[in-house]
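To start, the structure under review is shown below, and the notes come after it.
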2 protein chains.
Amino acid sequence: MPHEQIEASAGPAAASPWDDVAVRLRAGGLRWTPQRRTLIEVLREHEGHVTASELIARCKELDGTTTPSTVYRALDLLEELGLVKHGHGHDGREEYHILPQQVHGHLYCVGCGSTWEIRPETAAVIVDALASQLGFAVDLSHVTISGLCAGCHD
Amino acid sequence: MPHEQIEASAGPAAASPWDDVAVRLRAGGLRWTPQRRTLIEVLREHEGHVTASELIARCKELDGTTTPSTVYRALDLLEELGLVKHGHGHDGREEYHILPQQVHGHLYCVGCGSTWEIRPETAAVIVDALASQLGFAVDLSHVTISGLCAGCHD
DNA sequence: GATCATATCGCGAGGCGTCGCAATAGCGAC
DNA sequence: GTCGCTATTGCGACGCCTCGCGATATGATC
Ligand SMILES: [Mn+2]
Ligand SMILES: [Mn+2]
Ligand SMILES: [Zn+2]
Ligand SMILES: [Zn+2]
């Protein structure tokens, strides 16, 4: 497969945020390892929300030697780089937002199990209320708020 | 210790919600077991918020044979009776509110680790926003909202 | 391409919470 | 007081997540 490198580096291209992870890591004295490579590969396949378990499972498919603790640690790292953002589902389990564009809160209906993202306008009301009344800077994206959706109550 | 029963039933007394748990359980075809008795005894000692682990530990002090799964199941039951209400801390772990008077939300500062209850006025804003905009009936007490307190940001 | 400092890994153990199952024991009825 | 139905328990196993530790391997330097 000659010319592979030439092709890969041809053109400015649609730069993906994943492309320079190796560089960013090394710039900080950190290392670009096969385990991290695999995780990035998996993350490239996803959008939106994914469970930590799902990510680990997929990594294991690509590399049978995958270890959970290594994946968790790599995810922590990528979160510091701003490439993923974790939150907690209604039961406390971790969920990851891949390439979080705009942070958003989550709703979970205990009646039917549906989930929704909280729209920016609605989120703003919540954020503003806590900011103005308590000076508290909410990270809405970290939690899933439970309750009953319109279809499930009354 | 004669007259014990007479004393116990003397006067209308300051009825505690714990006093008729046995009756309420039996009324539903459920049973009043030593394990549940121990848990109630522990709950009587507490107010406000307690971790599930703390409750289990305290039960174990009173009864060395205590089993975690049994305590968890008993707590589920008491929650159905409205005597406790569980929520999740910022890390997803369970916390129990003993005799929840008024449900309230919780705030956690990721900077200093402090926690606060969300005051009713503030909670009302959040609940109303989700109710009016989405028809969603929030159970604020089930989650701990993370962020930075006034002292920890800017 | 060899060397070396140290970032990272894999492993094992532990805490938390859930569930299925077989054995046990409330408690209502007689 | 005994009997019998079945709610409940204890156990064991599992899934999720974290952490410490000794072994490994990255990648900067020469
Ligand atoms: Mn919950
Ligand atoms: Mn978290
Ligand atoms: Zn619903
Ligand atoms: Zn703070």
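Chain naming here is simple, since letters A, B, ... match the order of the sequence lines and numbering starts at 1 in each.
Between His104(B) and His97(B), the angle of the ring planes stays under 30°, which puts this pair in the parallel group of the 30/60° scheme.
Nearest to the side chain of Trp32(B), among dC27(C), dG27(D), dC11(C), sits dC27(C). If you check dG28(C), dT18(D), dG12(D) against the side chain of Ser69(B), the one that comes closest is dG12(D). Counting only heavy atoms from C-beta on, Glu94(A) has its side chain closest to dT18(D) among dT26(D), dT18(D), dC16(D). Side chain of Thr70(B), nearest nucleotide from dT18(C), dT26(D), dG10(D): dG10(D).
Contact check, Tyr72(A) against dC17(D): a side-chain N or O comes under 4.0 Å of OP1 or OP2. Taking only side-chain nitrogens and oxygens, Gln35(A) never comes nearer than 4.0 Å to OP1 or OP2 of dA25(D). Look at Arg31(B) and you won't find any side-chain N or O under 4.0 angstrom from OP1 or OP2 of dT6(D). Taking 4.0 angstrom as the limit, Thr33(A) places a side-chain polar atom (N or O) nearer than this to OP1 or OP2 of dC9(C).
With hydrogens and angles ignored, no donor-acceptor pair closer than 3.5 Å exists between the side chain of Arg36(B) and the base of dG26(C).
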#### Entry: Verdict with reasoning, Glu95(B) to Thr51(B), per side chain to side chain donor-acceptor pair (under 3.5 Å)
CA-CA 4 Å; Glu95(B) 284 174 11; Thr51(B) 288; 5.2 Å; no
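Per the geometry, CG belonging to Asp91(A) stands 10 Å off P belonging to dC16(D), to the nearest Å. Spacing between atom CD of Glu95(B) and atom P of dC16(C) amounts to 13 Å, rounded to whole angstrom units. Rounded to an integer number of Å, the gap from Leu75(B) CG to dG17(C) C1' is 12 Å.
Evaluated for a side-chain hydrogen bond (donor to acceptor under 3.5 Å, both in side chains) with His88(B), the options Glu94(B), His142(B), His106(B) yield exactly one hit, His142(B).
Side chains of Gln35(A) and Thr70(A): a donor-acceptor N/O pair is absent below 3.5 angstrom, by distance only.
Within the nucleic acid shown, Gly92(B) has no heavy atom closer than 4.0 Å to any nucleic acid atom. Arg73(A) comes within 4.0 angstrom of a base, heavy atoms only.
Judged purely by atom type and a 3.5 angstrom limit, Asp128(B) has no side-chain atom pairing as donor or acceptor with the backbone of Val125(B).
For the pair Arg24(B) and Leu81(B), the tightest heavy-atom approach, listed with the atom from each and the gap, is NH2-O, 3.2 Å.
Within residues 40-67 of chain B, the residues that place at least one heavy atom under 4.0 Å from DNA chain C are, in residue-number order, Ala52(B), Ser53(B).
Shown here is Arg37(B), whose CZ atom has more than 12 heavy atoms of other residues, nucleotides or ligands within 6.0 Å.
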